[in-house]
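In listed order, ligands and their atoms are each counted from 1.
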Amino acid sequence: MLERARELDAADPLARYRERFDLPDGVIYLDGNSLGALPKATPERLEQVVRGEWGTDLIRSWNSAGWIDLPQRLGAKIAPLVGAEGHEVIACDSTSVNLFKLIAAALAMRPGRKVILSEPGNFPTDLYMIAGLEAQGLATRRLAERERLIEALDDDVALLLLTHVHYKTGALHDMTALTEAAQRAGALVLWDLSHSGGALPVDLNGCGADFAVGCGYKYFNGGPGAPAYAFVAERHHAALEQPLTGWMGHAAPFAFTDDYAPASGVARLLCGTPPILSLAALEVGVDLVAEIGVGRLYAKSQALSGYLLECLAEAGVITPLPLRERGWEEGLGLVSPADPTHRGSQLSFRHPEAYAICQALIARGVIGDFRAPDVLRLGFAPAYLRFEDMALAAHQLADVLATRAWACEEFSIRSAVT
Ligand SMILES: Cc1ncc(COP(=O)(O)O)c(C=O)c1O
């Protein structure tokens, strides 16, 4: 397997990008879908912003270094990576906060409709943000299983809110079909692109999406807690009203007037002062994704995940679901779609001891993550992963299962919780 992996690496057109990341020795990092790795250029850029811009030019840098426009400038760089126009995307706040602003904006655009439709098991913050507006009496949450979403659309639905790539299973929604169905029912659509942006091609305008949000710290490698981004289709710019009417979203923030007047376009999504250091770090990650190209990244991620599956199948550790009646310990159940065109850049496996298996892998330098109650999640950030990493990770995973290394007390949930 290792020999074949090395041949694949030798033929990989993206292999040279690994050099652009600062990766610790002896680690196979399969968690870039949670926190992307550190681009080598980031510390240098931050040093320049801190010492050169902040340290030397001080407050003048809001203009001289263009800090004041950074949310828009960076939004314009993210835009083509998600199929949007430059003036339709802004980098600001967290994904959660942007969800809140855009759910509230959608409700205001659909008077007489209060239902926000989503699916059970969507990422918690998406569901909690609906719940927050529900507690204020502004929204009603409706959840329908993914196969039932279209029939759950009726004329009470103001907004369909879904995550394009499911955070736990990696399953992809059909953005075009769902957007069309929701709009036919008179609803608006908000896509959470946290696991899509920078990982796979997305065409927001091509599918007629109304709104979108996404994370900066996953596939865009912006660093822990990096700012998020928000998209509003141009046709909604004039009518968009969001409730976090901070001074930075004002038409003339430095007029210091008592009354709020929204800025034009997506700038009205701004709330408070932009976090310049975090935005500067995110810009490095976004530039790198743009340089490599999302299409090439996705193609390689499909090849990597396919190869990992091949290695695991060869080692005999994949068991078809459902497993319960056969005893789970026989192997890992693949919960991600087996067809690579139906999944994002991750593979998820079910096992009752997934937590302990994940910990045992981490102890061996293979970093993936665990999602309760029983999912081992492995993410593929193809800019810095090699086919060799897949072969080695599969070998470690098969060995952890074969030797029951996970059963060691040190890795059990009990010892982690106490
Ligand atoms: C689908 C999805 N939405 C939102 C978030 C997180 O939002 P925030 O950056 O506000 O914590 C995540 C984080 O993993 C996510 O997977």
Side-chain angles (χ1 to χ4, degrees), residues 29-37 71 74-75 78 82 89-104 116-133 141 143 146 159-173 175 178 189-200 202 204 209 211-231 242 244 269-272 274-275 278-279 281-282 285-286 335-336 343-348 358 367-372 375-381:
Y29 192 56
L30 304 181
D31 216 1
N33 52 328
S34 200
L35 173 66
L74 187 46
I78 295 170
V82 292
V89 178
I90 189 152
C92 61
D93 297 319
S94 63
T95 306
S96 302
V97 171
N98 288 331
L99 280 167
F100 183 83
K101 289 183 285 191
L102 291 176
I103 298 168
I116 311 296
L117 175 62
S118 191
E119 64 175 317
N122 192 358
F123 189 76
T125 212
D126 299 59
L127 300 180
Y128 300 165
M129 284 297 156
I130 306 172
L133 285 154
R141 193 177 80 165
L143 303 181
R146 42 180 50 212
L159 179 73
L160 173 63
L161 164 57
L162 293 172
T163 299
H164 179 217
V165 174
H166 196 277
Y167 79 100
K168 207 187 274 188
T169 67
L172 271 174
H173 272 301
M175 273 182 80
L178 284 159
V189 186
L190 166 50
W191 288 102
D192 184 337
L193 301 180
S194 292
H195 291 271
S196 318
L200 55 135
V202 173
L204 286 170
F211 308 114
V213 295
C215 275
Y217 49 78
K218 298 177 186 292
Y219 296 99
F220 282 122
N221 306 304
Y229 55 95
F231 156 87
Q242 63 92 2
L244 301 184
L269 286 176
L270 290 175
C271 184
S278 304
L279 287 165
L282 175 59
V286 168
V335 286
S336 302
R343 62 175 187 249
S345 285
Q346 72 182 68
L347 284 175
S348 302
C358 183
I367 303 181
D369 64 24
F370 164 76
R371 287 294 174 264
V375 169
L376 171 70
R377 199 174 67 149
L378 305 177
F380 306 96

(message) With heavy-atom distances below 4.5 Å as the criterion, would you say the side chains of Leu162 and Asp192 are in contact?
(response) no
(message) Which of the numbered atoms in ligand 1 are under 4.0 angstrom from any heavy atom belonging to Ser94?
(response) 10 (O)
(message) Donor-acceptor pair, distance only, cut-off 3.5 Å: does the side chain of Lys168 make one with the backbone of Ala372?
(response) yes
(request) Report yes if some heavy atom in the side chain of Leu178 is under 4.5 Å from a heavy atom in the side chain of Trp191; otherwise report no. (result) yes
(request) Provide, to 0.1 Å, the distance between atom 9 (O) of ligand 1 and the closest protein heavy atom, together with that atom's residue and name. (result) Tyr217 OH, 2.7 Å
(request) Could you tell me the residue and atom name of the protein heavy atom closest to atom 5 (C) of ligand 1, and the distance to it rounded to 0.1 Å? (result) Phe123 CE2, 3.4 Å
(request) Would you mind listing which atoms of ligand 1 come within a distance below 4.0 Å of any non-hydrogen atom of Thr125? (result) 4 (C)
(message) Using only atom types and a distance under 3.5 Å, with no angle test, would you say the side chain of Ser118 pairs donor to acceptor with the backbone of Leu161?
(response) yes
(request) Check ligand 1 against Thr163 and write out every atom of the ligand that is under 4.0 Å from a heavy-atom position of the residue. (result) 1 (C)
(message) Considering non-hydrogen atoms of the protein only, which is the closest contact for atom 10 (O) of ligand 1, and what is the distance?
(response) Ser96 OG, 2.6 Å
(message) Is the contact between Val97 and ligand 1 made by the side chain, the backbone, both, or neither, using heavy atoms and a 4.0 Å cut-off?
(response) neither
(request) Would you check if Leu143 and Leu127 make a side-chain contact, meaning some heavy-atom pair closer than 4.5 Å? (result) yes
(message) Which residue and atom name correspond to the protein heavy atom nearest atom 14 (O) of ligand 1, and how close is it?
(response) Lys218 NZ, 2.6 Å
(message) Determine whether a donor-acceptor pair (N or O, by modelled atom type, separation under 3.5 Å) exists between the side chain of Ser94 and the backbone of Val97.
(response) yes
(message) Quick test: of every protein heavy atom, which one is nearest to atom 7 (O) of ligand 1, and how far off is it to 0.1 Å?
(response) Thr95 CB, 3.5 Å
(request) Using atom types as modelled and distance alone, determine if a side-chain donor or acceptor of Arg377 lies under 3.5 Å from a backbone N or O of Tyr167. (result) yes
(request) Within a distance under 4.0 Å of any heavy atom of Asp126, pick out the atoms of ligand 1 and give their elements. (result) 3 (N)
(request) Using the side-chain contact (heavy atoms from CB on, under 4.5 Å) rule, pick out the option among His195, His173, Arg146 that qualifies with His166. (result) Arg146
(request) Quick one: look up the protein heavy atom nearest atom 3 (N) of ligand 1 and list residue, atom name and how far away it is. (result) Asp192 OD2, 2.7 Å
(request) Looking only at protein heavy atoms, identify the closest one to atom 16 (O) of ligand 1 and say how far it is in Å. (result) His195 NE2, 2.7 Å
